There are 2 protein chains.
Amino acid sequence: MSAEKAPAQPPAPAPSIRARVRAEMTDEIKRVALEHLARDGSALSLRAVSRDMGMVSSAIYRYFPSRDELLTALIIDAYNSLGDAADAADGEVDRRDAYAARWFTVGHTIRRWALAHPAEYALIYGSPIPGYKAPEETIVPATRAIATLARVVAEAEAAGRLRTPQGADATVPTENADYAAELRVVAASLGFAEDSWVVERFLGAVTHLFGAVNFELFGRLNNVVNERSEWFDRQLRELAASMGLSPRR
Amino acid sequence: MSAEKAPAQPPAPAPSIRARVRAEMTDEIKRVALEHLARDGSALSLRAVSRDMGMVSSAIYRYFPSRDELLTALIIDAYNSLGDAADAADGEVDRRDAYAARWFTVGHTIRRWALAHPAEYALIYGSPIPGYKAPEETIVPATRAIATLARVVAEAEAAGRLRTPQGADATVPTENADYAAELRVVAASLGFAEDSWVVERFLGAVTHLFGAVNFELFGRLNNVVNERSEWFDRQLRELAASMGLSPRR
DNA sequence: CACTGTCAAGAGCACTGCTCTCGTTTGTGT
DNA sequence: ACACAAACGAGAGCAGTGCTCTTGACAGTG
């Protein structure tokens, strides 16, 4: 693959001028492509990008072997951008605050990132692009934001700060052994306790959270809910409650 | 109560042979276009459709003035197909059953319709198509499936069969007056009681439900949950509980 | 019979992703 | 210092796209 930026020669750490120009060009192409993406939606034209850069279309292929590879690069960048935003937001919450505060902060950050980067959001959380097949290199960055959310809840659980639901509030355990096994695998990979009751609700909460962002961003809330921030906040609140995260007081 | 599929052609005038052939052609184009949509995703090529029909591409324009108009027709058909499926499923539930049974039936029907018609589902619940702007004629059919879900919950509420949440389970009322007003409008349009507490949870449930279908259909559950039917059923169960719909026994 | 509207066909325009070839530029090993 | 290979931008070209316009054939109606 592209291992340019790896000068494995100890005495020659000099990033050759050519390699630097190449990196700048690659970034510039991605930057212009993002502008086009924001303007024209997922219909990304290599020729239009090249025109904006004063190049001929074939020159783009020196940097990205195909339109799909460009899309892959943009997708990975988008996942990482969202992941960075989520991590940064979580990191800035005062650790003396309740875990619920971190949940709200990260949740709102994800929504705000989506509103600020609608094209990138649609790229990674919208319907699949027609001819495009996501390569494996995208799956790790894809999990970052969700992993951040999971960390908050898992740490709350580990700290014994989750109110375990009782009685009618509690979920009936599944009778499907395969499904139960899957939940255990998910619990392990996300850092929850073994057989944690909260894993399933966390998956539901993530589904709900991204469903809400989808609804807002794709216009499904038009003429229904205009106080979107309030609406989203209250959805987050319900989800926190469903996981036993004490609400802010 | 939204109008059903009103076949409201005022009087039936002479269905001239020409008009009949034209209608058949229109249907055939939509049929072939759907096949292509199912195969190639949202990249729909008029020329490919025309080739499949043994026509020249320009002939398509006798029936649809543009690609967008064809898409609009397909989108409306898709919304109505989903709406029909939801209504039919709801209609077949024995009315002596609990309202929860209707909720599960309609919910699972929506999911099954999406799995059976992934291309149509992506068309109506995926990210917006690049150059396409949905005309107003799509917004009424768009609400049908949601209206069906709402009817179930609203009728349960009217029958006094919703367990009103108490204490920690209850949602704190919003302090945002605009948002509260919006909720009242939604309540009125979906048939809920005025100031009904369940409206907000219903909106959340719909968000969650379609978020779950999105996750499954767009591959976000890959390598995470494979027992999708069980997973979805348990999500529906949580949603029913959150709205006070007694679970099946 | 003549008229009128509908139809399929074809040529053409501007656009797309992508390939290939052509000289030129640049970095590096000898 | 020189030579060679890799990298580069430009351009032509291919097959595909949505869409427009013109042309000639046909059908239904006066």
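These figures come from a predicted structure and were not determined experimentally. Naming convention: chains lettered A, B, ... in sequence-line order (proteins, then strands); numbering from 1 in each chain.
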Q | B:His36 NE2 - D:dT17 C1' separation (whole Å) | A | 14 Å
Q.
How many whole angstroms separate atom CE of A:Met53 from atom P of D:dC8?
A. 13 Å
(Q) Test of understanding: with side-chain hydrogen bond (donor to acceptor under 3.5 Å, both in side chains), list the residues that count as partners of A:Asp178, not counting sequence neighbours. (A) none
Q. For the helix from C:dC1-D:dG30 to C:dT30-D:dA1, how many degrees between its two end axes (five pairs per end), to the nearest 10°?
A. 10°
Q: With a 4.0 angstrom cut-off to heavy atoms of chain A, pull out the first and last contacting nucleotide of DNA chain C, in 5'-to-3' order.
A: C:dT16 to C:dG27
(Q) When you measure only distances, ignoring hydrogens and angles, does the side chain of B:Arg47 come within 3.5 Å of the base of D:dG16 through a donor and an acceptor? (A) no
Q: Give me the residues of residues 58-74 of chain B where at least one heavy atom lies under 4.0 Å from an atom of DNA chain C, by number, or none.
A: B:Ser58, B:Ala59, B:Arg62, B:Tyr63
Q: Name all residues meeting the side-chain hydrogen bond (donor to acceptor under 3.5 Å, both in side chains) criterion together with B:Ser81; count only those two or more places apart in sequence or in a different chain, and write none if there are none.
A: B:Trp113
Q.
If the condition is side chain to side chain contact (heavy atoms under 4.5 Å, CB included), which residues does A:Asp90 pass it with, not counting sequence neighbours?
A. A:Arg95, A:Arg102, A:Val106, A:Thr148, A:Arg151, A:Val152
Q | Counterpart residues, side chain to side chain contact (heavy atoms under 4.5 Å, CB included), relative to A:Pro65 (two or more places apart) | A | A:Glu69
Q) What pairs with B:Phe218 under ring pair (Phe, Tyr, Trp, His ring centres under 6.0 Å), at least two apart in sequence or on another chain? A) none
Q.
Nearest whole Å is fine: how far is D:dT17 P from B:Leu44 CG?
A. 11 Å
Q) Who pairs with B:Glu200 by salt bridge (Lys or Arg N to Asp or Glu O under 4.0 Å), at least two apart in sequence or on another chain? A) A:Arg234
Q | Residues which pass side-chain hydrogen bond (donor to acceptor under 3.5 Å, both in side chains) with B:Thr207, listed by chain and number, not counting sequence neighbours | A | none
Q) How would you list, by chain and number, every residue that makes a ring pair (Phe, Tyr, Trp, His ring centres under 6.0 Å) with A:Tyr121, sequence neighbours excluded? A) A:Tyr125
Q: Return the set of residues passing side chain to side chain contact (heavy atoms under 4.5 Å, CB included) with A:Arg62 (not counting sequence neighbours), or none when no residue passes.
A: none
Q | NZ/NE/NH1/NH2 to OD/OE distance under 4.0 Å, B:Arg31 and B:Glu35 | A | yes
